[in-house]
Visitor: 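Got a structure here, written out as structure tokens. Questions coming.
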Number of protein chains: 2
Amino acid sequence: MSDSLTERSRQILEAIIEDYIKTAEPVGSRSVTRRHGLSLSPATVRNVMSDLEELGFLASPHTSAGRVPTDKAFRFYVDSLLQVRAIDEEQRDEIRRHYRGQGRDVGEILKETSRILSSISHYIGIVVAPRFTANVFRQIEFVKLCGRRILAILVSESGVVQNRIVEANEEIPAEDLVRMSNYLNNLLQGLTISEVKTMIFREMESDRVRYDELMSRALKLSEQTLDEPDAEVFIEGQVNILEQPEFADVGRMKEIFRAFEEKGQLITLLDRCMDAERVNIFIGAENFLHRMTHMSVITAPYVSGRNTLGVLGVIGPTRMGYDRVIPIVDYTARMLSEILGNG
Amino acid sequence: MSDSLTERSRQILEAIIEDYIKTAEPVGSRSVTRRHGLSLSPATVRNVMSDLEELGFLASPHTSAGRVPTDKAFRFYVDSLLQVRAIDEEQRDEIRRHYRGQGRDVGEILKETSRILSSISHYIGIVVAPRFTANVFRQIEFVKLCGRRILAILVSESGVVQNRIVEANEEIPAEDLVRMSNYLNNLLQGLTISEVKTMIFREMESDRVRYDELMSRALKLSEQTLDEPDAEVFIEGQVNILEQPEFADVGRMKEIFRAFEEKGQLITLLDRCMDAERVNIFIGAENFLHRMTHMSVITAPYVSGRNTLGVLGVIGPTRMGYDRVIPIVDYTARMLSEILGNG
DNA sequence: GTTAGCACTCGATGAGACCGAGTGCTAACT
DNA sequence: AGTTAGCACTCGGTCTCATCGAGTGCTAAC
């Protein structure tokens, strides 16, 4: 398919796409010749554009408007035409600067990351927090609140904390809680959370535990602690899309904001990129969120050692500046990996 | 000032306000007579309306439109005319139902609370998480991550958890960390966080500690842990205001969304309600957020025992259904207090 | 004090004219 | 055969103008 394009067609397509990225408006044959030093007449360009429309790379909103690149065109652009630049030095420094304010809550770091992504890309930053299941267990602690209520705190190798209040059947003395957490910490050391789950299940069945009330109670509590809440996701900079001319229309905007309220769908989408090597791009309808028409998503996983922790990315209009944003996403993912990674 | 209004003027003002709340459109003299069984002619009503405008209760967008209640009118309405109903049974049940999914992370509960507020009021729900400073210290734990990095976990009496990664000057053995937390837990038991801060300061100066490296290190770590991050705030249902006809205008909408990005200002506003007895209302410009014109805020504090933990509320257009929303905010605050309160 | 009548205001709506960017086609040019 | 100039045509955007109707304020009568 891309072979069927002559060199000249490519050049013109690229010119149109780049124009469209700049202006958000249908591109006419004149502007192509004007803005790019191609020594061709508008009429010739028109012929080529007509062919490109035939091939599905361009669409015309109506007869007398210019033409607009389709999702297919952007896909081609990203795959074949785009030269990903190295990250801008200034931007790199800005990212580093944001991360400087050190020593905070992991959640804070993730939130800051999505703020960074949004403020530097001028689009929407998104970070999916690490799933517990993918993590390695480090420690569990029980803190007694009043009565039968216990605060369980679960810490993973990478320093992610999950805490929840559980209610025991009866009041448990503080010393017992310490013994319980010692027992569990020993038992579960070094396992991934999913291994932890099976381990707890197996241990509960074992004779040794079945008749030891303390242990079995400990296991029950930890079980309650483990069942995973919905993945947390940090989204920042939603206002930025209000600046985009193509969303001046109120109806379209509503759709977008609504899409962001359904975080579940977003998470599903980003989860699909967990195993990607590096940067991953969904263009327009490719993202399968019907509400997110005219939007593209650029993602990259962040890791700790060999372990993929989560995914981050930027959501912007389909006509976003891919060449600028891709390196930002890539670099930010690396920085975050470095900061969270402890190996 | 309210005395200067005759009974009839009041009735008419109320009718206008209620009409405006329903329709979001300027109210004319005819609609007042039509919709309300007042046996008065439009002409009479017009005279009264003219007086009300003189007094600053009404404003006319232009000569031939109807009239719109001013902030002052809404203030008067809320203070003097409004009969706050008891909460609707159905809504009460719905709130309870939302809270049923128990045993979660405190943060989760707060987020759910703001979701509840938004979905039941159909406006925007907002919850400011408890400040640490106002809380009573319960426990501190140190978890060793790799190298010199330590995860410090701070738990308050009410089960709120604050965690952050701190970096020590040198590697500290795990046993020492346990001893350090034991020392601190003993020292700080039962103090409020602000007392904790002074205590740490005093203790650091004491001779006993100055030459005990372990203790002084412990104090240093806890100091790092304590300095408070920005208060967390949960905002849900921002899309809901897109439904409000008065925000169909894109410019106005941008302003609102931008206001929500500056969470600091919102927090300042809500903080002012921390000491309020019960429900507190800011109407229109009263909230002092210049971006939030045409918006009102209804807040209520949530407590644990005598201790005010934080504030929650609903943000909606100035012409919101106060009679419906006030009991929702009030009831939700009570429920949340009950859930978090442990005494 | 209340009401009917009336002239007046002013935004909203819709029709018509016009403009201009852009297209597609044809015929001429290299 | 590919390229270009010329030209008729399309169609959204904008401007103007007339019209409509909800609503007002004023005056005079009840």
Side-chain angles (χ1 to χ4, degrees), chain A residues 4-13 15-17 19-20 22-70 245-246 248-250 252, chain B residues 4-13 15-17 19-20 22-70 245-246 248-250 252:
Chain A
S4 69
L5 290 187
T6 65
E7 180 55 28
R8 196 176 63 180
S9 308
R10 285 185 188 220
Q11 275 181 17
I12 290 177
L13 181 55
I16 293 172
I17 293 176
D19 246 43
Y20 185 67
K22 277 207 200 81
T23 65
E25 245 140 61
V27 184
S29 51
R30 281 201 72 114
S31 358
V32 176
T33 56
R34 211 183 312 130
R35 216 180 297 243
H36 303 268
L38 302 182
S39 49
L40 289 173
S41 78
T44 316
V45 173
R46 274 206 290 281
N47 290 330
V48 178
M49 283 168 84
S50 185
D51 296 347
L52 287 170
E53 182 164 10
E54 195 80 14
L55 289 168
F57 288 110
L58 297 178
S60 21
H62 58 88
T63 347
S64 75
R67 284 189 173 86
V68 169
T70 59
E246 59 261 63
D249 168 57
V250 183
R252 209 181 259 186
Chain B
S4 68
L5 290 187
T6 64
E7 180 55 28
R8 196 177 61 181
S9 308
R10 285 186 189 221
Q11 274 181 18
I12 290 176
L13 181 54
I16 293 172
I17 292 176
D19 245 42
Y20 185 67
K22 277 206 201 80
T23 64
E25 244 138 62
V27 183
S29 51
R30 280 201 73 112
S31 359
V32 175
T33 56
R34 212 183 311 131
R35 217 182 296 241
H36 303 268
L38 302 182
S39 49
L40 290 173
S41 77
T44 316
V45 173
R46 276 206 288 282
N47 289 330
V48 178
M49 284 167 83
S50 184
D51 297 348
L52 288 170
E53 181 164 11
E54 195 80 14
L55 290 168
F57 288 110
L58 296 177
S60 20
H62 58 88
T63 347
S64 76
R67 285 191 172 83
V68 169
T70 59
E246 59 259 65
D249 168 58
V250 183
R252 210 181 258 185

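A, B, ... follow the sequence lines: proteins, then strands. Residue 1 opens every chain. Values below: all heavy atoms of this structure, side chains included; hydrogens, waters and symmetry mates excluded.
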Visitor: Before giving the answer on side chain to side chain contact (heavy atoms under 4.5 Å, CB included), spell out for Leu5(A) and Leu55(A) the whole-Å C-alpha distance, their side-chain angles and the decisive distance to 0.1 Å.
Guide: CA-CA 9 Å; Leu5(A) 290 187; Leu55(A) 289 168; 3.6 Å; yes
Visitor: Nearest nucleotide by nearest heavy atom, which residue falls closer to the 5' end of DNA chain C, Pro61(B) or Leu40(B)?
Guide: Leu40(B)
Visitor: Counting Watson-Crick and G-U wobble pairs with both distances under 3.5 Å, what is the dot-bracket string for DNA chain D, 5' to 3', using [ ] for crossing pairs and | for pairs to another strand?
Guide: ||||||||||||||||||||||||||||||
Visitor: Distances under 3.5 Å between protein N/O atoms and the N/O atoms of nucleotides 28-30 of chain D, please, pair by pair.
Guide:
none

Visitor: Can you name the residues that form a side-chain hydrogen bond (donor to acceptor under 3.5 Å, both in side chains) with Arg8(A), not counting sequence neighbours?
Guide: none
Visitor: Could you state the atom-to-atom distance from CG of Asn47(A) to P of dG2(D) in whole Å?
Guide: 11 Å
Visitor: Which heavy atom in Val68(B) sits nearest to a heavy atom in Pro61(B), and how many Å separate them?
Guide: CG2-CG, 4.0 Å
Visitor: If we ignore hydrogens and angles and just use 3.5 Å, is the side chain of Thr70(B) paired with the main-chain N or O of Ala59(B) as donor and acceptor?
Guide: no
Visitor: What pair of heavy atoms forms the shortest contact from Val32(A) to Ala15(A), and how long is it?
Guide: CG1-CB, 4.2 Å
Visitor: When you compare the side chain of Met49(B) with that of Ile16(B), does any pair of heavy atoms fall below 4.5 Å?
Guide: yes
Visitor: For residues Asp51(A) and Ser9(A), determine if any side-chain heavy atom of one lies less than 4.5 Å from a side-chain heavy atom of the other.
Guide: no
Visitor: Each nucleotide in nucleotides 6-24 of chain D should get exactly one letter: B, S or -. Can you fill that in based on protein heavy atoms under 4.0 Å?
Guide: B---BBS---------BSB
Visitor: Can you run down the side chain to side chain donor-acceptor pair (under 3.5 Å) pairs that involve residues 37-50 of chain B, sequence neighbours left out, and say none if there aren't any?
Guide: Ser29(B)-Arg46(B), Ser41(B)-Thr44(B)
Visitor: Using atom CD of Glu7(A) as one end and atom P of dG2(D) as the other, report the distance to the nearest whole Å.
Guide: 17 Å
Visitor: Got a sec, which residues hit salt bridge (charged side-chain N to carboxylate O under 4.0 Å, His left out) with Glu25(A), two or more places apart in sequence or on another chain?
Guide: none
Visitor: Work out which heavy atom in Thr33(A) is nearest to a heavy atom in Val45(A); give both atom names and the distance.
Guide: CG2-CG2, 3.5 Å
